[in-house]
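One structure below.
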Amino acid sequence: MKVVIIGGVAGGATAAARIRRLDEQAEIIVFERSGFISYANCGLPYYIGGTIEDEGDLTLQTPESFWSRFKVKMNVHHEVTAIHPENKTVTVKNLENGMVFTENYDKLLLSPGAKPIKPNFDGADSDKIFTLRTVEDTLKIKKYIDENHPKSAVVVGGGFIGIEATENLRDLGMDVTLVEAAEQLMAPFDSDMASFIHAQVRKNGVTLMLSHFVEGFKDTDCGIDVKLKNAPIVHTDMVIMAIGVSPETTIAKAAGLETGIKDSIVVNDKMETSVSDIYAAGDAVQIKNFVTDMDSLLSLAGPANKQGRIAADNICGGNSHYTGGQGSSVIKIFDMTGAATGINERTAKSLGIDADKVILSPMSHAGYYPGGELMTMKVLFEKESYRILGAQIVGFEGVDKRIDVLATAIRAGMKAYELTELDLAYAPPYSSAKDPVNMAGYIIENIKDGIVKQWYYEDYETLPCDGSVTRLDTRTAMEYNMGHADGFINIPVDDLRNCIDELDKSKPVYVMCQSGLRSYIASRILMGNGFDVYNFAGGFRYYDAVHNDKALNKKSTPCGMDE
């Protein structure tokens, strides 16, 4: 059997190694357009910033090492320009000498990946504008920085690459402006959770420009001007474009393969395309979302590796199936960590899913053990079925552990209230006896059993101001005096029983505390005394972060734009 693979990195290189492990006699040939066949995409920004010092650490395998271990012919600087399914051949161009030749195959795997989106703005061809997708891109940026010593940079795009590039340029001492057309950074997060990310970015000296649209560029004698819609020009020394990627499927389309979202390659769960004996994997393929079962795109290394392995299994006569992706991801934002899995609340609403949520602020480990850090967790679930839809966490320590537990719970089909049953490792330096994931389950269980009713940040503006409801802050007087939501009276939870006669039992009570725990206790006291009570999801800490972020974003919204 002769297998030709177009593209290396996560999908192609993984498939090549797997095929060899399954079939020692197969002839395996890989054509990679760049000069690197297996490298750490996710590590590229950290080489620019100097965290990763050795360029060689970015390269996981070389053509020589791949041949030595797997007997796979890795051809770098070779571009496949056409696929001919009718006679099972591909046309290949050697980019080093221009030679064009034909290669036949028995099985073909496409792993072309995705290309950075670079709109056709005026001045976009400037040599001061960069994208960051390949090792070559990284080396080009590093060379420019080393030779020109830029003092400032504009990063366009607030996704994974944009934020990581921003952090690493700041680590080099540059003044960085981060421009994002949307109202928030990091699309996998809901706007409330993104508030914490915005605060962290601003805290580290980055000028954050949300809801700003780039319209063009212009080279100057001392840098480059970034033209923005309804906003002043930003002058800078260099620009990194990180506004997303699109599937690289030109030759697949030309060969007649069925395409889907953004011209991605349509595959079945065995990674087979619409054409016999042609498979595809990685960023270029359309997959099923595990939570919604809808067609989607997912540009992440983990799914690409899995897909490459599954394609390899089936190429070798196996029967492996890809059951879909749920977008589990994690990102370092200076010294903060953000992580998400499944779908967010915004997506659930757009799909008409009747969802509920819990928001909590647990410590990363036992509070009495030094060094614990608060995290903010948001767990989304379907109201009637209690199916877990997704989760988002921002914090400092232990975020990755909890998101992985929740991602596993989604994959296992657990009910949200069953999170209480997870038997998770505990020792004071690592967790609490009630792990944050368990705590989320306990809150959801209380909702299911009618022990607590919640109200949310988005309800605040619609709370009646005519005195028909009671707004109650149950923190200490000192906490209350340091800041509180408008219209809330203060009765500390430990004084509530003695002051309960001061409250009107005929009025619904909306309760808040710092994290949601004391207000929950207050809710139970009040409910036990005949009150209709609603506990605020997230607590004042969460309220304050979201409220302040909205105020800052509104203040910086360009004139003439909808706020």
Side-chain angles (χ1 to χ4, degrees), residues 183-184 189-196 343-361 376-384 386 389-392 394 416 440 443-444 446-475 479-480 483-491 493 503-527 531-554 563:
E183 296 179 349
Q184 67 168 81
F189 292 79
D190 287 313
S191 60
D192 55 351
M193 298 297 284
S195 298
F196 294 90
I343 63 172
N344 57 29
E345 187 176 8
R346 182 175 63 252
T347 300
K349 286 180 178 178
S350 71
L351 296 176
I353 299 173
D354 192 13
D356 203 351
K357 62 195 172 189
V358 294
I359 301 163
L360 58 159
S361 299
T376 303
M377 296 177 60
K378 180 176 184 177
V379 180
L380 193 70
F381 58 95
E382 195 170 35
K383 281 186 178 178
E384 292 298 321
Y386 285 89
L389 300 171
Q392 302 154 52
V394 289
I443 298 172
I444 295 167
N446 284 340
I447 293 170
K448 179 178 73 72
D449 294 342
I451 292 173
V452 67
K453 293 183 290 186
Q454 295 190 117
W455 69 285
Y456 310 98
Y457 180 87
E458 55 268 28
D459 299 328
Y460 177 77
E461 295 297 334
T462 59
L463 285 182
C465 300
D466 57 2
S468 60
V469 302
T470 300
R471 307 183 187 197
L472 179 63
D473 188 320
T474 60
R475 295 176 297 158
E479 290 174 296
Y480 178 83
H484 58 269
D486 290 344
F488 277 71
I489 62 172
N490 178 226
I491 302 178
V493 64
L503 302 176
D504 187 343
K505 195 174 292 187
S506 68
K507 298 178 180 179
V509 184
Y510 290 80
V511 193
M512 181 184 290
C513 72
Q514 187 68 11
S515 68
L517 176 58
R518 284 174 287 176
S519 55
Y520 163 63
I521 295 169
S523 296
R524 292 305 304 156
I525 293 172
L526 291 168
M527 290 179 74
F531 286 81
D532 183 21
V533 189
Y534 300 83
N535 187 29
F536 182 69
F540 180 77
R541 173 180 172 272
Y542 162 85
Y543 167 88
D544 196 44
V546 178
H547 193 70
N548 289 338
D549 184 62
K550 286 183 178 294
L552 285 170
N553 293 343
K554 185 175 182 180
E563 294 182 356

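Residue numbers start at 1 and run along the sequence shown.
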- Query: Partners of S519 by side-chain contact (heavy atoms from CB on, under 4.5 Å), sequence neighbours excluded?
  - Reply: T474, V511, C513, N535
- Roughly how far, to the nearest 0.5 Å, is the CG atom of L389 from the NZ atom of K383? 12.0 Å
- Listed once per pair and sorted, the salt bridge (charged side-chain N to carboxylate O under 4.0 Å, His left out) pairs that draw on residues 503-517, sequence neighbours left out: none
- Item | From Q392 atom CD to I343 atom CD1, the distance as rounded to the nearest 0.5 Å | 10.5 Å
- Message: Main chain of D544, side chain of N548: is a donor-acceptor contact present, judged purely on distance under 3.5 Å?
- Response: yes
- Spell out, as yes or no, whether a donor-acceptor pair under 3.5 Å connects the side chain of D473 to the backbone of N490. no
- Message: Check this for me: E384, atom CD, are more than 12 non-hydrogen atoms of other residues, nucleotides or ligands nearer than 6.0 Å?
- Response: no
- Task: Assess whether atom NE2 of H547 is packed by more than 12 heavy atoms of other residues, nucleotides or ligands within 6.0 Å.
- Result: no
Donor-acceptor pairs are to be reported for all side-chain atoms of residues 447-454 against protein atoms at under 3.5 Å, with residues two or more places apart or in another chain.
residue : atom : partner : partner atom : Å
K453    : NZ   : D532    : OD1          : 2.4
Q454    : NE2  : K357    : O            : 2.8
Q454    : NE2  : Y456    : OH           : 3.3

- Task: Mind checking side-chain hydrogen bond (donor to acceptor under 3.5 Å, both in side chains) for N446 and listing every partner two or more places apart, or none if nothing turns up?
- Result: Y520
- Residues A440 and M377: closest non-hydrogen pair is CB-CE, 4.5 Å
- Task: Go through the steps to decide whether N344 and T347 satisfy the test side-chain hydrogen bond (donor to acceptor under 3.5 Å, both in side chains), and finish with yes or no.
- Result: CA-CA 5 Å; N344 57 29; T347 300; 2.8 Å; yes
- Note on the structure: K349 meets the side-chain contact (heavy atoms from CB on, under 4.5 Å) criterion, sequence neighbours left out, with E345
- Task: Drop me the distance from Y542's OH to T376's OG1, to the nearest 0.5 angstrom.
- Result: 9.5 Å
- Item | All salt bridge (Lys or Arg N to Asp or Glu O under 4.0 Å) counterparts of D356, not counting sequence neighbours | none
- Applying ring pair (Phe, Tyr, Trp, His ring centres under 6.0 Å) to F381 and not counting sequence neighbours gives Y386
- Query: Does D466 have any side-chain hydrogen bond (donor to acceptor under 3.5 Å, both in side chains) partners at least two apart in sequence or in another chain, and if so, which?
  - Reply: S468
- S361: what forms a side-chain hydrogen bond (donor to acceptor under 3.5 Å, both in side chains) with it, not counting sequence neighbours? R541
- Task: Only counting residues at least two apart or in another chain, list the ones meeting side-chain contact (heavy atoms from CB on, under 4.5 Å) with A485.
- Result: Y460, F488, M512, Y543
- Got F531 and T470 here, is their nearest side-chain heavy-atom distance under 4.5 Å? no
- What is the distance from atom CD1 of I489 to atom CG of L472, rounded to the nearest 0.5 Å? 5.5 Å
- Do the side chains of V394 and F189 get nearer than 4.5 Å, heavy atoms only? yes
- Query: Looking at CD1 of I359 and CG of D192, how far apart are the two atoms once the value is rounded to the nearest 0.5 Å?
  - Reply: 5.5 Å
- side-chain hydrogen bond (donor to acceptor under 3.5 Å, both in side chains) against E479, all qualifying residues, sequence neighbours excluded: T476, R518
- Looking at P508 and Y534, what are the two nearest heavy atoms and their distance? CB-CE1, 4.3 Å
- Message: Between D190 and R346 (side chain of the first, backbone of the second, donor and acceptor by atom type, cut-off under 3.5 Å), is there such a pair?
- Response: yes
- Message: Restricting to side-chain contact (heavy atoms from CB on, under 4.5 Å), what partner residues turn up for A391, sequence neighbours left out?
- Response: T341, V379, I403, L406
- Item | CG on N553 to OG on S195, rounded to 0.5 Å | 7.0 Å
